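A quick note: this is a predicted structure, and the numbers were derived from the prediction, not measured. Here is the naming used below: chain letters follow the sequence lines, and residue numbers restart at 1 for every chain.
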Amino acid sequence: MKKDETEDMRELFEAQVARLQEIHFLILLWATQTEGESLKYNITNVFDDLKSARITRTKQTAVAAVSVLLSLCFIDLRDEHNRKNIYITKYGGKALRAILDKETFKMKPSAFLEGK
Amino acid sequence: MTIGIGGAGSKLAAKLDSQAILVNVSESELNKVPGGKERILATVRSERGQFRGSRKDPQIGHDAYQSVRRDLLGKIRGEKVFSSTGGGTGNGITTGLLEDISEQNDIDKSNKTFFAFVLPYEQLESSEYVDNTIAFLSGPLAKAIDKGNTGNIVLFSNKVKFEQRLSEDEFNNMLIESLKEFLDIPNKNEIHRLLDGHTDYEDFNEWLAKPYFNHFTSFDYEYKPSKYEIDEDLKGEEREKAIEKRNAKAASDFGKQLEEHHNPLLLEPETAIEAMFLLEVPKDGDATLMYNIVSYFSTLNLRAVGSVVENPDLVKPHVTVSILYSGKPAEQLESFKKNSEEIHQERVRKTIDQNVELTPLKVNLEDEAKRVIRQRGVKEDILETLKRIGKL
């Protein structure tokens, strides 16, 4: 890849990260934390955590946020034992680090992890 | 001289006597009481310094007593002491005084102390007040009475205050006015024309030095001579019997009036041991009404001492009676204990009703530390996790 293209890709990544909202940040954060604890984290868990954190009250919104992250390749969805589990990708990891560096959003605890 | 101990005791003492000595553990409380003369601060120190009150805890008052013990024991000799039994200061300091008085031998009549205590109304006042009073009545007061080292003990009750919803000041005025009328007996003997008997200051002080509970009261004595007329035609033995019957009825009627006019500000009296009275009759009034009073007390096997004076300000006969009795604390104690028990049972019942279940908290410190870190979500920890799971 040429130097200009590399620069473009970096700009694209930064633009993608800049458009992420709190809901996306929290999903990336919680997916990282659960994977760090070797736990499985699925869309239902995401929805419950978002409700608990008073981010949304509809599963539709939770599914839409997960879809956005999936489209951006920041997360993967894997079918495991009849469940679609969420895993953060290396791009998602970099996006999360970028948000944390900018301190755009405040971290909130995952009710799913607290219950474990 | 009068000594007021604690908040309630000081307010009463200052109302009775402008030269009263007021005692408290709180300087600000002492300064708040209007009137009185000398103020004595009983010092007791905690880790935070001088107490600013005794928090309804008689132990604090009792500890503070040590700082004023010698001074107070000298000052109360032959004087009047006012205190409440429910709070911490009055109860605690007076407990110390009564304990010391009980230890002394042969206190001279002129040095006996007159005590006036204000008891809580057990139906409506705090259970701490009631419990403090139970301990006071059954402990130091009972001991002092057994020893016979006190003078009269007056047991005021807050019942009327609560039932009639009176302000404290209004109620205190009533107590003091009632007491003043009793204490005024020798003065009335001195200033009015004496019609029969005599109670001078010496007699009266001797009365105050008797180690019993004192129930005093005063009321207008209703006497209609027409009600007691006897048939003029009766002669000899029949006439004597009729006169005897009339006298018995007049005595009995006086007794009924006395019972109806027991002082509502004081606890009800028990069986009288001794009685004293002052009968005031209007100008040219009938001094022989005195015999109805004497006869009534004789039916109770009591010799009543008294006097009759002519008070030209009156339109009806007026009588002031003081009854001495003993053994009050035992019965009073039962009533207080019963109420206290009910209050405590109710507390326990309410606690059970609230059904507070305390499950044992098992904490694994390692897990707890991890949980706290997770909750805090420290940035460095997240980045560390991302590296560990190969995403950075």
>> With a 4.5 Å cut-off on side-chain heavy atoms, are B:Thr385 and A:Gln33 touching?
In response: no
> When you look at OH of A:Tyr91, are more than 12 heavy atoms from neighbouring residues, nucleotides or ligands closer to it than 6.0 Å?
Replying inline: no
> Distance from B:Leu386 atom CG to A:Thr32 atom OG1, nearest 0.5 Å?
Replying inline: 4.5 Å
>> Please report the interatomic distance NZ(A:Lys94) to CG(B:Leu392), rounded to the nearest 0.5 Å.
In response: 7.5 Å
> For the candidates B:Arg388, B:Glu384, B:Lys387, which exhibits the highest count of non-hydrogen atom pairs separated by less than 4.5 Å from chain A?
Replying inline: B:Arg388
>> Could you tell me if the side chain of A:Asp101 sits less than 4.5 Å from the side chain of B:Lys379, heavy atoms only?
In response: yes
>> Looking at A:Gln60, I want to see if its CD is surrounded by more than 12 non-hydrogen atoms of other residues, nucleotides or ligands under 6.0 Å.
In response: no
>> Could you tell me if the side chain of B:Lys391 sits less than 4.5 Å from the side chain of A:Leu96, heavy atoms only?
In response: no
> Is the number of heavy atoms from other residues, nucleotides or ligands within 6.0 Å of CZ (B:Arg39) greater than 12?
Replying inline: yes
